[in-house]
2 protein chains.
Amino acid sequence: MSETGSSLPETGPYTLAIDGMGGDGGPEVVVAGLAIAADRHPSARILLVGDEAKLSSLLARHPRAAAICTIRPAASSIPMDMKPTAALRVRDSSMRLAMDVVARGEAQGVVSAGNSGAMLALAKIVVKTLPGITRPAMAAISPTTRGDVVMLDLGANVSCDWRNLVEFAVMGEAFAKAVLGLPAPTIGLLNVGSEELKGDERLRQAAEVLRGSPLARQFHGFVEGHDITAGTTDVVVTDGFTGNVALKTGEGALKMAFTLLRQVFTANLLGRIGYLLVRPGLERMKEWLDPRRYNGAVFVGLNGVVVKSHGGTDAEGFAAAVDVAMDMVTHRFTDGIRERLAHMESLTSVKASPDQSQAVPAS
Amino acid sequence: MSETGSSLPETGPYTLAIDGMGGDGGPEVVVAGLAIAADRHPSARILLVGDEAKLSSLLARHPRAAAICTIRPAASSIPMDMKPTAALRVRDSSMRLAMDVVARGEAQGVVSAGNSGAMLALAKIVVKTLPGITRPAMAAISPTTRGDVVMLDLGANVSCDWRNLVEFAVMGEAFAKAVLGLPAPTIGLLNVGSEELKGDERLRQAAEVLRGSPLARQFHGFVEGHDITAGTTDVVVTDGFTGNVALKTGEGALKMAFTLLRQVFTANLLGRIGYLLVRPGLERMKEWLDPRRYNGAVFVGLNGVVVKSHGGTDAEGFAAAVDVAMDMVTHRFTDGIRERLAHMESLTSVKASPDQSQAVPAS
């Protein structure tokens, strides 16, 4: 993440707006996370938005964070369970004011651990969608046996057409360049089989457009569920429903593996001795798969970098989300998408025949 | 699987038709698998369909298999890469003749490791769909931290409406009763969030129908990707696209965990000693997660038990697929679905307003 993406020096100063009030842990976790982030990005400038009294007293306890932060007061905040439509009506929320800062160009990116539905709705209205992008998507990095993979959409768009999928491919490629530091990331379209005839018309049409696009050499074709963790491609493109299920299913399977492994190592004395012998290796493995290391899903396709930290994360996880935002800002992620879109525009205007009846079952 | 499902004594004799020619390993693997199955189901009768000369010579080498098998000659077989439409035109294939045996009532179930697309197409035409079922689905068992879970559809139907999902719930419940031996399996509908408003209209409509059905007390509502391996419900219902991706993603994540674990145990001398100390526990863990133990996906919703073995499995895996078929036959799986459908019919005739535009994004 930060290590692989930050090959380019930070020529900043770059500014991030941080929603100080979001997340299950509230301002305490955010400010503790910023203290860690301050060590990694000493030249960054942070506009910390939220309850002034609360944030001031926390910054007083975290001098490292205080050194890079300026507080922007906000009178209210969005509760974690508020409906997006209701959140849009709260004009003075810390989340909205943080987005305003990006929309005005005072900051290049925003990070919040708050309500995701509200965040997507506000981002669309305040930060706004890039010209040429129909709908923003949610992207994030996951571990594979071969390195990291960028997957999108992870839930912003429950149903998608072929055009959305092509746009996701464009945005995912720019994301992999910015955050993974890859010069020419490969792209796979998630399907129920790798043969050309698998899936529905929507997928076949998206594949055809990508094969005829400037991304053709990087487009690998269809990939399957097991290809995500195998690292077959650097980017995996899918609709928000499938992506959300796949992400959570993969995380669940790893959690099960660790639960079973804990049983093996605690079953008896030999197990406990065995654990002591392999602990350093296991710790590295756990670290590699640690969801906190992958914290920081990005709403891509907007006029600025918008990063969503997991609501339940800790300071380390929040700092990882700040890393993602800094990587994307310093590597000019938004400009990268704009440039790519300029070359894609003519191609995605191709007409498709959305014949869903020709769906071919999985093998 | 066999252990949990076979609480009822096999009151047989039950007869299975076996496609002797299907699978990457061909008749050798099938007959070696039947030798293992013969030990577990000594009173079963097997009609082994395929190349008579080939199968006779293999049975001569496997006397245990020969004791329960009768050969039914078939002049041809379906190649693994043949299109379903082409496979339907081959009248004398081992796969088709094995299905014919079930359709005529000579056997209660059929097992094949052959071409899945061809198998689904032939099953629909030869074995035929149960009255009241719109489309057959593919179901299988997966491991969880709490026991086993039945998931369907795994790829027979790339796109589904709410009515298909309700039917899948009915069939999945009967499957869990037959193969897992559960008296009242719980059912979850896979979605991008557990709140009632998540997902699309199709999912909300299916949930509403299930809440008002005889299955209401067993219906848990929406579940998410991580609930599959957590064992939140005994049955997870989804469309064939999502189910196929989720199954393969989960398998891929476990494979990654084992790959990383192997690196930990082979990195140095301490790792190798550690491995020796915990080997028995690790072997049990691997066995629990072994895809061969879960081999045997079932096409449910047909006038007979139709089990698909993985094409690349070995003799042990093929024997597991035979176990699944025997469990379903002895526990009267097909009758169980018929009885449940009789009570559901009035409910699934409720009209739905398929308003896909009200899709709610994931959290």
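Here the structure is a predicted model, which means the values were calculated and not measured. All chains are named by letter (A, B, ...) in the order of the sequence lines, taking the proteins before the strands, and each is independently numbered beginning at 1.
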Set out, in order, the CA-CA distance, both residues' side-chain angles and the distance that settles side chain to side chain contact (heavy atoms under 4.5 Å, CB included) for B/Leu261 and A/Met285, then state yes or no. CA-CA 8 Å; B/Leu261 211 49; A/Met285 173 178 165; 3.7 Å; yes
### Message
Is A/Asp153 in contact with chain B via its backbone, its side chain, both, or neither, using a 4.5 Å heavy-atom distance?
### Response
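When you check distances to chain B, no heavy atom of A/Asp153 falls under 4.5 Å.
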- Query: Is it the backbone or the side chain of A/Ala257 that comes under 4.5 Å from a heavy atom of chain B, or both, or neither?
  - Reply: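 Both backbone and side chain.
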Check whether [X] gets within reach of chain A through its side chain, its backbone, both or neither, counting any heavy atom under 4.5 Å.
| X | value |
| --- | --- |
| B/Ala246 | both |
| B/Thr259 | side chain |
| B/Leu190 | both |
| B/Leu276 | neither |

Can you confirm whether [X] sits close enough to [Y] that some side-chain heavy atom of one is under 4.5 Å from a side-chain heavy atom of the other?
| X | Y | answer |
| --- | --- | --- |
| B/Thr229 | A/Lys255 | no |
| A/Leu260 | B/Arg284 | no |
| B/Glu224 | A/Lys248 | yes |
| A/Tyr275 | B/Leu277 | no |

Members of residues 263-270 of chain B whose heavy atoms come closer than 4.5 Å to chain A:
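Hits under 4.5 Å: B/Val264, B/Phe265, B/Leu270.
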Please report the C-alpha distance between B/Val158 and A/Val192 in whole Å, then the side-chain angles of each, then the deciding distance to 0.1 Å, and finally whether the side chain to side chain contact (heavy atoms under 4.5 Å, CB included) criterion is met. CA-CA 8 Å; B/Val158 164; A/Val192 292; 4.3 Å; yes
For the candidates A/Asn191, A/Asp227, A/Ile273, which exhibits the highest count of non-hydrogen atom pairs separated by less than 4.5 Å from chain B?
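Answer, by heavy-atom pair count under 4.5 Å with chain B: A/Asn191.
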Of all of A/Val245, A/Leu247, A/Asn115, A/Thr238, which one pairs up most often with chain B through heavy atoms under 4.5 Å apart?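 Heavy-atom pairs under 4.5 Å are most numerous for A/Val245.
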ask   = What option among B/Ser142, B/Gly252, B/Gly225 has the most heavy-atom pairs under 4.5 Å with chain A?
value =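 Option with the top pair count is B/Gly225.
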Residue pair B/Ala253 / A/Gly250: nearest heavy atoms and the distance that separates them:
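Smallest heavy-atom distance, with atoms named: CB-O, 3.6 Å.
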> To the nearest 0.5 Å, what is the distance between OG (B/Ser159) and CD (A/Glu201)?
Replying inline: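 With rounding to 0.5 Å, OG (B/Ser159) is 12.0 Å from CD (A/Glu201).
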Exercise for the section: Could you tell me the separation between the CE atom of B/Met256 and the CD1 atom of A/Ile228, rounded to the nearest 0.5 Å? Expected result: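 Here the interatomic distance stands at 10.0 Å.
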Can you confirm whether more than 12 heavy atoms, excluding those of B/His226, are under 6.0 Å from its NE2 atom?
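Yes, enclosed.
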Is it the case that over 12 heavy atoms from other parts of the model lie below 6.0 angstrom from the CZ atom of B/Arg272?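 Yes - once you tally the heavy atoms of other residues, nucleotides and ligands closer than 6.0 Å, there are more than 12.
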